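Just so it is clear: chains get the letters A, B, ... in the order the sequence lines come, proteins before strands, and each one is counted from 1. Model, not experiment: these values are computed from the prediction.
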There are 2 protein chains.
Amino acid sequence: MDISSVSDPAARLVRMPAQERRELILEAATAVFAERGYAGTTTAQVAQAAGISQPYVVRMFGTKEKLFLEALDRSLGKLMDSFRSVVADYDGGRLAEKVAALGPERGTGRQAHLKALLSFAYADLIQDRGILLMLMQSFISGHEPVIGARAREGFVGIYRLLRDEAGMGEEVTRDFLAHGMLMNTLISLRLTDLYGQDAGADELLKCTMGAKLPLLLAHETPRAN
Amino acid sequence: MDISSVSDPAARLVRMPAQERRELILEAATAVFAERGYAGTTTAQVAQAAGISQPYVVRMFGTKEKLFLEALDRSLGKLMDSFRSVVADYDGGRLAEKVAALGPERGTGRQAHLKALLSFAYADLIQDRGILLMLMQSFISGHEPVIGARAREGFVGIYRLLRDEAGMGEEVTRDFLAHGMLMNTLISLRLTDLYGQDAGADELLKCTMGAKLPLLLAHETPRAN
DNA sequence: GTCTATAAGATGATAGAC
DNA sequence: GTCTATCATCTTATAGAC
């Protein structure tokens, strides 16, 4: 995703409904905050990515912090929506084929099935680096009074969704989260950049991502700078 | 760890050997970079934490980036030293008592034993938030040309150490790393701040940290700001 | 080895025009 | 709804004294 072209830079001064512009800015902000972090991102970078002026970004969201919070909420929302729809589809019997394709080595029973299905859904979702990295950025914001609090709420919310709403139980949820965190780290680190060049990186990626690796490598991941 | 008192602020203008001052600055830099990240940290904050002037920090390390790299290397070094010494002690039979105390539910055999022992060593090491958070900061620096490259090298180095040098094998190493990443996330997020106040947070912490939880809660974790 | 002074360049946010 | 101009602040790094 090329940050500088989230929207057409030539198309300035185009009036548009506030809600539409809002979403456009949030998408741009997600991409920039994701790579550069809260402190490392300037409102001018977000503005450029969204194709509008810097003061307008501030005008629309009040402060940089509020903009970050909205972008984080948006990512968390997409994640929870994705998980909820998998659970609903599984319970509605609409994933019977996918379940059959999983094979027995991933375990049997509802919890094991959900774990595998949700893991695929997650790998799918985080093909959008923006979403994944917004989460990662939130994880390291524990010390920030406002953002940190929201980050904790978000994480606990996902844990509850998985353990209680989806009914995966304590241990399965923990293992699911643990492997998710490892996937996060490998992607965030851009370990895929070393794929084919470093035997250790290759094996770690294969072993961690399994059948989901091709999805990752398909990424165009231009080193933003 | 109170950032503002890593060294005595009153003790200015005390001459000391360059190497000693270097280590002092690196320790201060680790604490500050850890909480606020690379972009969010100013050289003035590091200077204050180290009890010296801002220009002297720059003078000694050249640039903020070089300072960060040295602090990261220092943390990575401590981590690898810790892991290597566990492996050496295990193979030297010097951990027989600890192994016996593990109980059978953690598995038997060299790999399972090492996994459990290393996991305790890790929990011990990251009682120093600085080390853990420096690693986390490096994980999200994938897009930075210099820091990102070092971060990838460091991660692959640890993977190799565990898999090959320690002989834990692919799957066990992956699971070890995965659960380590989850621990990292919970600590970095300061989820312990919610302990006793949020049932979800409590159960996630207990389930993830197991016997290592008391270690975590013992922390004085003043919300730096 | 360590400091003070300061240059040179961002950056978040506000004011006010169109 | 959107922009231009601009302020006040902060930040890295350099120069040079002690």
Side-chain angles (χ1 to χ4, degrees), chain A residues 3 6-29 32-33 35-71 141 144-147 225, chain B residues 3-4 6-29 32-33 35-71 144-147 225:
Chain A
I3 282 172
V6 164
S7 94
D8 179 359
R12 300 223 165 185
L13 255 172
V14 181
R15 284 179 145 268
M16 90 175 52
Q19 282 315 310
E20 198 175 325
R21 175 103 310 159
R22 232 188 146 69
E23 171 58 19
L24 215 63
I25 298 177
L26 280 176
E27 197 180 324
V32 185
F33 277 132
E35 291 294 351
R36 316 182 99 86
Y38 175 65
T41 293
T42 71
T43 53
Q45 288 166 340
V46 173
Q48 195 195 347
I52 56 171
S53 71
Q54 178 266 332
Y56 191 30
V57 172
V58 176
R59 171 66 82 99
M60 187 159 244
F61 291 89
T63 65
K64 181 171 130 172
E65 187 177 71
K66 285 181 188 162
L67 174 58
F68 184 90
L69 285 172
E70 288 213 37
S141 302
E144 302 260 355
V146 183
I147 295 176
N225 214 19
Chain B
I3 283 174
S4 63
V6 164
S7 95
D8 180 359
R12 301 222 166 187
L13 255 172
V14 182
R15 284 178 145 266
M16 85 175 58
Q19 282 315 311
E20 198 175 325
R21 177 107 300 166
R22 230 187 148 70
E23 172 58 20
L24 215 65
I25 298 178
L26 280 175
E27 198 180 324
V32 186
F33 277 134
E35 290 296 349
R36 317 182 99 86
Y38 175 65
T41 293
T42 70
T43 52
Q45 289 166 340
V46 174
Q48 195 196 346
I52 55 171
S53 71
Q54 178 268 332
Y56 191 31
V57 172
V58 176
R59 171 66 80 101
M60 187 159 244
F61 290 88
T63 64
K64 181 171 132 172
E65 188 177 70
K66 284 180 188 162
L67 173 59
F68 184 89
L69 286 173
E70 288 213 36
E144 303 259 356
V146 183
I147 295 176
N225 213 19

Which atom pair, heavy atoms only, marks the closest approach of B:L26 to B:A71? CD2-N, 3.7 Å

In whole angstrom, give the distance that lies between atom CE of B:M60 and atom C1' of C:dG1. 8 Å

What is the separation between atom CD1 on A:I25 and atom P on D:dC3, rounded to the nearest whole Å? 9 Å

Looking only at D:dT2, C:dG1, C:dT4, the nucleotide nearest the A:M16 side chain is D:dT2

Checking the side chain of B:Q45 only, and the main-chain atoms of B:T42 only, is there a donor and an acceptor separated by less than 3.5 Å? yes

Under the ring-ring contact (aromatic ring centres under 6.0 Å, His included) test, residues paired with B:Y38 that sit two or more places apart: B:F68

5' precedence on DNA chain D between B:G40 and A:P17 (nearest-nucleotide basis): A:P17

B:L24 CG to C:dT2 P, in whole Å, measures 10 Å

Can you name the residues that form a salt bridge (charged side-chain N to carboxylate O under 4.0 Å, His left out) with A:E65, not counting sequence neighbours? none

Nucleotide C:dT2, atom P - distance to OH of B:Y56 in whole Å: 4 Å

Taking NZ from B:K66 and C1' from D:dT12, how many angstroms apart are they, rounded to a whole number? 14 Å

Can you check the B:Q48 CD to C:dC3 C1' distance for me, whole Å? 16 Å

How would nucleotides 12-18 of chain C be written as a contact map, 5' to 3', with B for base contact, S for sugar-phosphate-only contact and - for no contact, using protein heavy atoms under 4.0 Å? BBB-B--

For side-chain contact (heavy atoms from CB on, under 4.5 Å), just list the numbers for B:M60 and B:I52, CA-CA rounded to whole Å, side-chain angles, deciding distance to a tenth of an Å, and then say yes or no. CA-CA 11 Å; B:M60 187 159 244; B:I52 55 171; over 6 Å; no

Can you tell if the side chain of A:R21 reaches within under 4.5 Å of the side chain of A:L24, non-hydrogen atoms only? yes

